[in-house]
Amino acid sequence: MKGWTGFILRVNLTDKTWKKESFTEEFAQKWVGGRGFASKILFDELKPGIDALGPENKLVVALGPIAGIPAPNTGKVVVAAKSPLTGFYGDGNLGSNVSSQLRKAGYDVLIVEGAADKPVYLNIEDDKVEFLDAAEMWGKGTYFSNEWIYKKHGKNAGVLNIGQAGENKVLFAVIRSLEGRAGGRPGIGAVMGSKLLKAIVVKGTRQIPQADPDLMRKLGVEGLKKARELDQKSGWSKQSTNAVLAWCNEVNGLPVQNMRKTSHPEAHKIDGERLNDARIATYGCPSCTMHCGITIHDDEGRESELDYENIGMLGPNVNVFDLKKVGSLNYLCDDYGLDTISAGAVLGFYADAIEHGAAQGDFKFGDADKGKTLLWDIATRKGETGSLLADGALKAAKVYGKNSADYAMQVKGLEMAAYNCKSIPGQALAFGVAAIGGHHREAWIITFELKFSKRESYGPEKAAKVIELQRIRGGLFEMLVACRFPWVEVGYELENYPKFFNAVTGLDWTLENFWTAADRAYSMIKLHYLREFPNVTRKDDYPPAVWFDKANADTEGPQKGVVLEYDKYDSLLQHYYDQRGYDRRGIPTLETLKKLGLESEAAAAGKYAKLN
Ligand code: PTT
Ligand code: SF4
């Protein structure tokens, strides 16, 4: 087999054993890699109903055929497990040297099983696997552990590690990498913490098997050059992802005050231009020529890397419009290993719940200093409030009651990213039907919707666009495993990706093959959901009630009085189901599953719930 190493490294932390397992070419072609591998492996190996924070859960680190190979921007890694936040399959994608190092060590997938009896970290070097003592790192933040690992294992090692939030099983703890990245929003860091696994360190010395290495080298070099040229021409990485903040404010799509409002007069203080002005350094993932990580000094003089989602959720969503203070909240999330999106959503929800008399406390919108204290309380589950908020907005709302779940800004338990969609139905649908809960990664339809389509439309063209983007963003890029930014941000052509894939595998795939593989992975994740929640209804694909509430509409500006409409949203959802071949609950029909070659998976899921 070419293009894949053909091997899985399976490690058991309970009895400190490991083995190297092979997989077939049929498995590789059916599931491609990354999210495809992870969703299939976890479906086959996890029993529904298990405790996501118990030793039965498994952590999967999965790569794809172009991951780690020099080409635009392949230094990415998928991390997945049963999510403790949402209760079903969850994953994330972060930049890390693990991408190339794990493949060079000879593996496309790492599966971590069981749980250690004291804090450990894994050290993987080709066919050597060590379970090393992590006592010196335990209790410390990710900046400390990153440095500690650097000193011990050298700067070229691939590293994934967790902070205090993962250790304390905060349900939205992420995994961090040495390159300043973070991933696994639905609590994949907490799964690592529950296994007493502080870090994974990987170094490899082998060649990644490729069908035509000369061709791949040529395509890769040309691609990296092209991505850099396109970036320079467009000027995108001057403001990087935060270029979108001013636009979101202008089009009334900014998350302000727990998404109560859609714009703010002070938004310019934290926009892309201000971020670029405050830049002290630029960071990027491995194998990338368009480095997008911009760092600034925070209000305590520390270096903090800011992307749009971080700024949107830790800034306007909690009414903080001072870039240095936003930087400070962001630094703490990175150090503790808290997901910035969920952290900002949870803080916003808490302030809102206090304002509405559902929760007790002295936290107010705009109070960044109290926000910092709360982040520590959450990361360490300190006190009643810290511990409750550490379970995410929806679970906290269930305790607070008084209809506060209506304004817990999440879908399926995962807090939504920084787009306020009460007057943007297509993006609201994209959040509603995202595979793992409220994530923008799957379908970022908002620019298409506002620039090239009718904003107020709930027509089938929006459902079609969501599916098209899910196939590209949630499918192709999550399965090949590569960063989507060259395509999405600077127009690097999608047609290049099958060329890379064919050069490394020797196959002859077109984009169509990837759409089928993507649909298969989406259906697989839906079957995870069905197994865990047999009473699933279409309401599970609805965004929070507050987006439908007239009393919450803008009181001025072009979107004055506009909110989502239930009937229309429901018909948009039905367009999506019809185009996808899903039933009225939003579950793939037997016919759809059959078309995708998922007969045995359908039979397995059918033991737990009815398939139509
Ligand atoms: C992603 C989510 C995002 S999406 C951001 S900012 W973004 C937040 N980043 C966090 C962070 O940083 N620290 C932290 N403690 N928590 C954070 N949570 C949030 O996590 C870097 C980029 C970005 S920046 C995006 S959009 C793109 N995401 C990609 C993706 O998902 N897949 C893919 N194939 N390519 C992508 N390219 C871009 O990568 P999650 P990252 Mg993250 C510090 O992982 O769980 O998917 O959540 O991965 O490497 O940091 O993303 O405006
Ligand atoms: Fe990483 Fe940004 Fe480069 Fe993508 S564009 S690989 S997120 S540095």
Side-chain angles (χ1 to χ4, degrees), residues 34-35 64 66-67 71-80 83 85 90-96 99 141-142 162-163 165-166 170 172-177 179-189 224 227-228 231 236-237 240-245 282-295 304-314 329-345 375 379 414-415 417-419 434 436-442 444 472-490 492 497:
R35 166 177 262 190
I66 67 167
N73 297 2
T74 56
K76 290 276 184 179
V77 179
V78 168
V79 290
S83 158
L85 184 65
D91 64 15
N93 186 314
L94 69 157
S96 167
S99 186
T142 61
I162 56 166
V170 174
F172 48 93
V174 284
I175 297 176
R176 289 255 294 145
S177 72
E179 294 78 15
R181 294 302 181 189
R185 294 195 50 222
I188 312 303
L224 284 163
R228 185 179 32 231
D231 178 33
W236 174 72
S237 57
S240 294
T241 52
N242 204 36
V244 96
L245 191 139
T282 306
Y283 287 87
C285 310
S287 200
C288 173
T289 49
M290 41 186 285
H291 288 183
C292 70
I294 302 175
T295 66
S304 176
E305 188 202 318
L306 288 165
D307 298 297
Y308 168 66
E309 305 301 330
N310 311 332
I311 298 178
M313 296 309 288
L314 295 168
L329 294 169
N330 178 71
Y331 174 89
L332 296 176
C333 284
D334 275 348
D335 197 31
Y336 305 156
L338 287 167
D339 172 46
T340 50
I341 295 174
S342 289
L375 289 179
L414 181 66
E415 288 77 14
Y419 306 93
I436 61 164
H439 205 316
H440 64 298
R441 172 182 35 173
E442 315 275 316
W444 193 63
I472 301 171
R473 297 167 61 108
L476 177 101
F477 286 108
E478 298 309 315
M479 295 170 91
L480 277 178
V481 179
C483 175
R484 63 173 181 258
F485 278 171
W487 166 72
V488 75
E489 300 292 2
V490 303
Y492 182 67
Y497 291 91

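When a ligand or atom number is given, it counts from 1 through the structure's own listing order. In this text, all values refer to a predicted model and were calculated from it rather than measured experimentally.
The existence of a salt bridge linking Glu442 and Arg35 is confirmed by a sub-4.0 Å separation between a basic side-chain nitrogen and an acidic carboxylate oxygen. Salt-bridge annotation for Glu478 and Lys76: absent, with no side-chain N of the basic residue lying under 4.0 Å from a carboxylate O of the acidic one.
Short contacts between ligand 2 and Cys288, defined as distances under 4.0 Å to a heavy atom of the residue, involve ligand atoms 3 (Fe), 5 (S), 6 (S), 8 (S). With ligand atoms numbered from 1 in the order given, ligand 2 contributes 8 (S) to contacts under 4.0 Å with heavy atoms of Gly284. Atoms of ligand 2 lying under 4.0 Å from any heavy atom of Asn73, numbered from 1 in the order shown and given with element: 3 (Fe), 5 (S), 6 (S).
The residue among Ala67, Ala182, Ala173 with a heavy atom at the shortest distance from atom 11 (C) of ligand 1 is Ala182. For the residues Arg35, Glu489, His439, Met479, the heavy atom positioned nearest atom 1 (C) of ligand 1 is part of His439. The nearest non-hydrogen atom to atom 31 (O) of ligand 1, considering only Lys76, Arg441, Met313, Glu442, comes from Arg441. In this structure, of Gly284, Gly337, Ser304, Gly184, the residue bringing a heavy atom nearest to atom 45 (O) of ligand 1 is Gly184. Looking at Arg185, Arg181, Arg176, Glu309, it is Arg185 that brings a heavy atom closest to atom 2 (C) of ligand 1.
If you check which protein heavy atom lies closest to atom 25 (C) of ligand 1, you get Phe485 CZ, 3.3 Å. For atom 13 (N) of ligand 1, the closest non-hydrogen atom on the protein side is Asp334 OD1, 2.5 Å. Among all protein heavy atoms, the one lying closest to atom 2 (Fe) of ligand 2 is Cys292 SG, 2.3 Å. Taking atom 4 (Fe) of ligand 2 as the reference point, the nearest protein heavy-atom neighbour is Cys483 SG, 2.4 Å. Of the protein's non-hydrogen atoms, Cys285 SG, 2.3 Å is the one closest to atom 1 (Fe) of ligand 2.
Within the 4.0 Å heavy-atom shell around ligand 2 one finds Arg181. Residue contacts with ligand 2: Lys76 is included, with a non-hydrogen atom under 4.0 Å away. Look at Arg473 and you'll find every heavy atom at least 4.0 Å from all atoms of ligand 1. For Glu478, the closest heavy-atom approach to ligand 1 falls below 4.0 Å. Under a 4.0 Å heavy-atom criterion, Ala482 is in contact with ligand 1.
In His440, the part holding a heavy atom less than 4.0 Å from any atom of ligand 1 is the side chain.
Taking only nitrogen or oxygen atoms, main chain and side chain alike, Asn93 reaches within less than 3.5 Å of ligand 1.
Between the side chains of Thr340 and Asn330, no donor-acceptor pair of N or O atoms lies under 3.5 Å.
Side chain of Ser287 to main chain of Gly75: no donor-acceptor pair is present (N/O by atom type, distance under 3.5 Å, no hydrogens or angles).
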Please walk me through it: do Val244 and Glu489 pass side chain to side chain contact (heavy atoms under 4.5 Å, CB included)? CA-CA 11 Å; Val244 96; Glu489 300 292 2; over 6 Å; no

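A tilted orientation is assigned to the rings of Tyr308 and Tyr419, their planes being inclined by 30° to 60°.
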